[in-house]
There are 2 protein chains.
Amino acid sequence: MTTSEGLDRLSALRGTLERSSTAERVADVLRAQVIAGAMAPGERLSEEAIGSALGVSRNTLREAFRLLGHERLLVHEFNRGVFVAKPTRDDVTDLYLVRRALELAALRAAGGADPEAVARVGAAVQEAEDAAARADWWAVGTANMHFHQAVAGLAGSPRTDEAVRRLLAELRLVFHVMAAPEEFHVPYVALNREIYELLREGRTEAAAERLAAYFDAAERQLVEAFDGAERHAPA
Amino acid sequence: MTTSEGLDRLSALRGTLERSSTAERVADVLRAQVIAGAMAPGERLSEEAIGSALGVSRNTLREAFRLLGHERLLVHEFNRGVFVAKPTRDDVTDLYLVRRALELAALRAAGGADPEAVARVGAAVQEAEDAAARADWWAVGTANMHFHQAVAGLAGSPRTDEAVRRLLAELRLVFHVMAAPEEFHVPYVALNREIYELLREGRTEAAAERLAAYFDAAERQLVEAFDGAERHAPA
DNA sequence: ATCAGAGAATTGTTCAACAATCCTCATGTC
DNA sequence: GACATGAGGATTGTTGAACAATTCTCTGAT
């Protein structure tokens, strides 16, 4: 059966070389910019300015805007243009409400999870610890995102994966309201390690409790940051 | 405070008159066609044919295709065109996995839910019972969708609402693999009534158990229908 | 200071064109 | 007869320009 095995190995690589449209590549660039905080929340994105800067036509750029609009990173106002999303306090509580539902369900279903999926959780924990050792706070944040993406992956559910990916991207926008967003994730690295070890021991319910505690703490911290920011600059 | 109250009332109506783009209206038309089964799963949608039929340009039509692609009703293959999504058996289990996570979480959070949200659940139950009395099976299916949308609404979460709306639209596609999709929902009308009454009595945990039982039964029924269909027409 | 309105700037949509890619089918080979 | 190989046609991907519709800005009048 060497032929079949070889084909399987090839088809596993298929995603690597999947051609993407210009609009998708433009969306990738803009997404990275928005997530990195290079564009301020609420800022308007001019079609002509960005189109000429990136060397794509308005039509193509508008397709990219639509893509990011569906990820809630940009908001499209009819006849007014597209703006970088400006998350509110309510968005934070909503994001955490959905994260709780999806990630906890994924973690609780981890009993019959693929060992590779569990390994990815461990890899993300290690990645965060390494980044913390280098004092690379941005990388710690990225690793923390990978951790939660890996937790969601325990469900083995494509739709859960995609939904959580979108939620986490949106969350990175939220972090920019914090005074020191870089350090937000640092205290949670140890907790992630703890969750992973419990998961590996098969104590999924205990792991879920720790994860729920993380959600509560992180949400409260973000909401407080919002209340502080809004007191300084009311709407 | 009459001014403030008046403004509140107006802003509640804002959604009604929100202008929509041509692409969105085109997407509405196509969505209705796909959901109603007017286009077979796997069928290719030609840009020129549909564009000229609807009297819109290719660019606008492509925007509409993108919208429906994000709802997973259409799949876009690069350089090949867009096709009506063709759900598989795995899609069914994945859809129910995510529905379980979101709808059960919403129902369990119904303790502090808005009384209006609870009332909408009751209204959907009534709608289904009325349709069943008329033997209007398609309307029963629609009412069942409204029921689950209303259950999701108990969370008071915009993101949950949107996610469930997408899942349910996708599910309507799945129903078309059944031999008699019209009658699928009928047995569940009574169960929906039971869930609603438990919810109204505040026995949310008992209601959640019934809802979980519904998911199990409906998922199994659909998976079996798939296995039967695939035996007749293997991939 | 507020309001109205003219003009500029921007978005919404269409059209036409061309490049890139895929599909079909006839042809030739084994 | 089964299968590979191209040639040609059809379809999608992307661009640029054009015009309509809407919003924004700034001036001037009250």
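Keep in mind it's a predicted model, so treat the numbers as computed, not measured. Below, chain A is the first sequence line, B the second, and so on; all start at residue 1.
- The distance from atom CD of A:E77 to atom C1' of C:dT11 is 13 Å, rounded to the nearest whole Å.
- If you find the closest nucleotide of DNA chain D to A:F83 and to A:E63, the one lying nearer the 5' end belongs to A:E63.
- Atom P of nucleotide C:dT14 and atom CZ of A:R58 are separated by 13 Å, given to the nearest angstrom.
- As rounded to whole Å, 12 Å separates atom P of C:dC15 from atom CD of B:E48.
- Here C:dA19 presents its C1' atom at 11 Å from CG of B:N79, a figure rounded to the nearest Å.
- Rounding to the nearest 0.5 angstrom, the gap separating the CG atom in A:L97 from the CG atom in A:D91 is 12.5 Å.
- For B:R44 and D:dT12, the shortest distance from a side-chain N or O to OP1 or OP2 is below 4.0 Å.
- Judged by a 6.0 Å distance limit and a 45° cone about the ring axis, B:R62 is not positioned over the six-membered ring of B:F65.
- Across the protein-nucleic acid pair, A:L61 atom CG and C:dG12 atom C1' stand 14 Å apart, rounded to whole Å.
- In this model, the phosphate group of C:dT13 is approached by a side-chain N or O of B:T22 to a distance below 4.0 Å at OP1 or OP2.
- Atoms CZ (A:R62) and C1' (C:dT14) sit 12 Å apart, rounded to a whole Å.
- At a cut-off of 3.5 angstrom, counting only N and O atoms as typed in the model, there is no donor on one side facing an acceptor on the other between the side-chain of B:R80 and the base of D:dG13.
- For A:N59, whose side chain is taken as the heavy atoms from C-beta onward, the closest listed nucleotide among C:dG12, C:dA17, D:dA17 is D:dA17.
- Across the protein-nucleic acid pair, B:E24 atom CD and C:dG12 atom P stand 10 Å apart, rounded to whole Å.
- A:F78 has its CZ atom 13 Å from the P atom of D:dC24, to the nearest Å.
- Phosphate contact (OP1/OP2 of C:dT10, side-chain N/O of A:H76, threshold under 4.0 Å): absent.
- Salt bridge annotation for A:D28-A:R25: absent, with no cationic side-chain nitrogen under 4.0 angstrom from a carboxylate oxygen.
- For the pair A:R172 and A:F175, the cation-pi test (distance below 6.0 Å, angle within 45°) is failed.
- Using a 4.5 Å cut-off on side-chain heavy atoms (C-beta onward), A:R166 and B:R159 make no contact.
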